[in-house]
Amino acid sequence: MTQGNLEIDKNIDETTLPKVNEVGEEVAEEITSDPNKLYNILGVMFETTKKRYSFEIVDDVDYKKGDKVIVDTIRGKEIGIVYGGPMQLPERVLVLPLKPVVKKASEDEIKKYDILRLEAKEAFKVCKERISHHKLPMKLIETEFTFDKTKLIFYFTAEGRIDFRDLVKDLANIFKLRIELRQIGVRDEARILGNIGVCGKELCCRTFINKFDSVSIKMARDQGLVINPTKISGVCGRLLCCINYEYKQYEEALRVYPAVNQLVKTTKGDGKVMSISPLNGFLYVDVEGKGIMKVLIEEIKFNKKEAKKLQNVLSKDELQHKVLEKE
């Protein structure tokens, strides 16, 4: 080989060589994909964390809801429960690469899993006692063994960072295996423990929400909700996840509306906006000399730049409740 030139062995198939750019640097070969390609998908939930994932079916087994299955995960083989499927979904709605469903769990594997669940409950009691012994400001939520029983995981909540090194040493000496303490948020705590929401139904996070989206005080305000913690927060003490469900429609409608407290011109006179109903096409304006009147949005003239600025400003009361936004 001479400097600045790359000699190629004539006996090597050039198609097997890595692609290089003009300066001789190796470049990644572009991978083509078809967003409409269909995959056979099985929805699987892990019983401890109540998290749901999509796995690819690679055999001809007839899976149905409620089956316990062995799936391939980043921490090895695990048992999950089928909650949806089988179904065919296009590549564009999936996160690739997909892990496979290995097989249906056998009776022996299900028995092993049930024993591990019972042992995890005993481990929970031991850990709780050791937390009390070390006087650590943390709340133990759940415990689980990995299916191969090489690791014991403890899920807990705490206000801040916890120095639990002594606790880990104690637990490792007791159980003689790898210990992991995993701090979770209060929303994950609610999903794991379960409860009934203010609507009278089981919590959305436990039944179908897999990824927690951010919810803000502004979202609640824009939908005309009273900014009262008891009205807009869930059992986790954070803003209700359902505030997110209809927000896109409100966000779209609000683009042509003035802000609350903004001065506007109406066909009945000038006034100040008191409240708005964006999905119904009207708002209430305190018209000078006439009082509060219901006015259609078509009858309003206002400064749109000012409206956009005011819509992003939170009141003093709203700022006080921003703690409800914390994850």
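Quick caveat: nothing in here was measured; it's all calculated off a predicted structure.
- Annotation: side chain of Val71 is not in contact with side chain of Lys99 (no heavy-atom distance under 4.5 Å).
- Side-chain contact between Ile232 and Ile227: present, with at least one pair of heavy atoms (C-beta onward) separated by less than 4.5 Å.
- At least one side-chain heavy atom of Lys51 sits less than 4.5 Å from a side-chain heavy atom of Asp188.
- Here the closest heavy-atom approach between residue Arg191 and residue Cys205 is recorded as CD-O, 3.0 Å.
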Assess the residue pair Glu122 and Phe124 against the criterion (side chain to side chain contact (heavy atoms under 4.5 Å, CB included)); give the C-alpha distance rounded to whole Å, side-chain angles, the decisive distance to 0.1 Å, and a yes or no. CA-CA 5 Å; Glu122 293 303 314; Phe124 182 95; over 6 Å; no
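- For the atom pair CG (Asp72) and NZ (Lys103), the distance works out to 13.0 Å, reported to the nearest 0.5 Å.
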Residue pair Glu56, Asn40: steps toward the side chain to side chain donor-acceptor pair (under 3.5 Å) verdict: CA-CA 6 Å; Glu56 184 177 11; Asn40 289 322; over 6 Å; no
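- Taking every heavy atom of both residues into account, Pro278 and Tyr250 meet most closely at CG-CD2, 3.6 Å.
- Separation of atoms CD (Glu142) and SG (Cys127) is listed at 11.5 Å; rounding is to 0.5 Å.
- Side chain of Arg221 to main chain of Ser216: no donor-acceptor pair is present (N/O by atom type, distance under 3.5 Å, no hydrogens or angles).
- The closest side-chain heavy-atom distance from Thr73 to Phe46 is below 4.5 Å.
- Counting heavy atoms from C-beta on, the side chains of Lys231 and Leu225 never come closer than 4.5 Å.
- Judged by distance alone, the side chains of Ser106 and Asp108 never bring a donor and an acceptor atom under 3.5 Å apart.
- No side-chain donor-acceptor contact under 3.5 Å links Asp67 to the backbone of Val69.
- Neither Val186 nor Leu140 shares a network with the other; the hydrophobic side chains, linked directly or stepwise wherever heavy atoms of I, L, V, M, F, W or Y lie under 4.5 Å apart, form separate groups for each.
- Side-chain contact between Pro137 and Glu159 is absent, with no heavy-atom pair separated by less than 4.5 Å.
- Val95 and Ile41 are members of different hydrophobic clusters when ILVMFWY side chains are connected at heavy-atom separations under 4.5 Å.
- Inter-residue side-chain proximity for Thr266 and Lys290 is flagged as unmet; no heavy-atom pair is nearer than 4.5 Å.
- Scanning all heavy atoms of the two residues, the minimum distance from Leu254 to Ile276 falls at CD2-CD1, 3.2 Å.
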Under 3.5 Å donor-acceptor pairs involving side-chain atoms of residues 162-169, not counting sequence neighbours:
from   : atom 1 : to     : atom 2 : distance (Å)
Asp163 : OD1    : Arg165 : N      : 3.4
Asp163 : OD1    : Arg165 : NE     : 2.9
Asp163 : OD2    : Arg165 : NH2    : 2.9

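- Under a hydrophobic clustering in which Ile, Leu, Val, Met, Phe, Trp and Tyr are joined whenever their side-chain heavy atoms come within less than 4.5 Å, directly or via other members, Val198 and Leu324 fall into the same cluster.
- The side chain to side chain contact (heavy atoms under 4.5 Å, CB included) test applied to Glu180 returns Lys151, Ile153, Arg182, not counting sequence neighbours.
- Judged by a 6.0 Å distance limit and a 45° cone about the ring axis, Lys77 is not positioned over the six-membered ring of Phe147.
- The minimum heavy-atom distance linking Gly194 with Arg206 is given by the pair CA-CD, 3.4 Å.
- A salt bridge does not link Arg117 with Asp114: none of the charged nitrogens is closer than 4.0 Å to a carboxylate oxygen.
- Taking a cutoff of 4.0 Å between a charged side-chain nitrogen and a carboxylate oxygen, Glu144 and Arg75 qualify as a salt bridge.
- In this structure, CD in Gln262 is found 13.5 Å from NZ in Lys308, a value given to the nearest 0.5 Å.
- Classified by interplanar angle (parallel below 30°, tilted 30° to 60°, perpendicular above 60°), the ring pair Phe145/Phe175 is perpendicular.
- Between Tyr245 and Phe208, the ring planes are tilted. Angles from 30° to 60° get that label.
- The hydrophobic clustering, which links ILVMFWY residues whose side-chain heavy atoms are closer than 4.5 Å, places Tyr83 and Ile57 apart.
- Side chains of Tyr247 and Gln223: no donor on one and acceptor on the other come within 3.5 Å.
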Candidate pair Asp170 and His133, rule side chain to side chain donor-acceptor pair (under 3.5 Å), full reasoning: CA-CA 11 Å; Asp170 276 2; His133 173 78; 5.3 Å; no
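- Side chain of Tyr257 to backbone of Phe282: a donor-acceptor contact under 3.5 angstrom is found.
- Placement of Val102 and Ile110 in two distinct hydrophobic clusters is found when ILVMFWY residues are connected by side-chain heavy-atom separations under 4.5 Å, directly or transitively.
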How far apart are the C-alpha atoms of Cys241 and Ile209, what are their side-chain angles, what is the distance that settles it, and do they pass the side chain to side chain contact (heavy atoms under 4.5 Å, CB included) test? CA-CA 9 Å; Cys241 290; Ile209 291 179; 3.8 Å; yes
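- For the pair Glu109 and Lys112, the salt-bridge criterion is not met [side-chain N within less than 4.0 Å of a carboxylate O].
- Between Ala190 and Val235 the shortest heavy-atom distance is CB-CG2, 4.3 Å.
- Across all non-hydrogen atoms, the minimal contact from Val215 to Glu325 is O-CG, 3.7 Å.
- Inter-residue side-chain proximity for Asn261 and Leu310 is flagged as unmet; no heavy-atom pair is nearer than 4.5 Å.
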Run the side chain to side chain contact (heavy atoms under 4.5 Å, CB included) check on Leu96 and Tyr39 step by step: do they pass? CA-CA 11 Å; Leu96 301 181; Tyr39 289 81; 3.7 Å; yes
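- In the displayed structure, Gln88 atom CD is contacted under 6.0 Å by more than 12 heavy atoms of other residues, nucleotides or ligands.
- The OG atom of Ser214 sits 10.5 Å away from atom CG of Leu239, with the distance rounded to the nearest 0.5 Å.
- Atom NZ of Lys104 sits in a crowded spot, with more than 12 heavy atoms from other residues, nucleotides or ligands closer than 6.0 Å.
- Side-chain atoms of Lys64 never come within 3.5 Å of backbone atoms of Val82 as a donor-acceptor pair (strictly under, hydrogens ignored).
- A donor-acceptor pair under 3.5 Å links the side-chain atoms of Lys50 to the main chain of Glu47, judged by distance alone.
- Looking at Asn210, its side chain does come within 3.5 Å of a backbone N or O of Arg52 through a donor-acceptor pair.
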So Leu263 and Asp270, side chain to side chain contact (heavy atoms under 4.5 Å, CB included) or not? Walk me through it. CA-CA 7 Å; Leu263 297 177; Asp270 296 347; over 6 Å; no
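- Atom CZ of Phe154 is separated from atom CZ of Arg130 by 12.0 Å, given to the nearest 0.5 angstrom.
- For the atom pair CD of Glu129 and NE2 of His134, the computed distance is 8.5 Å after rounding to the nearest 0.5 Å.
- No side-chain N or O of Asn36 forms a donor-acceptor pair with one of Glu91 less than 3.5 Å apart.
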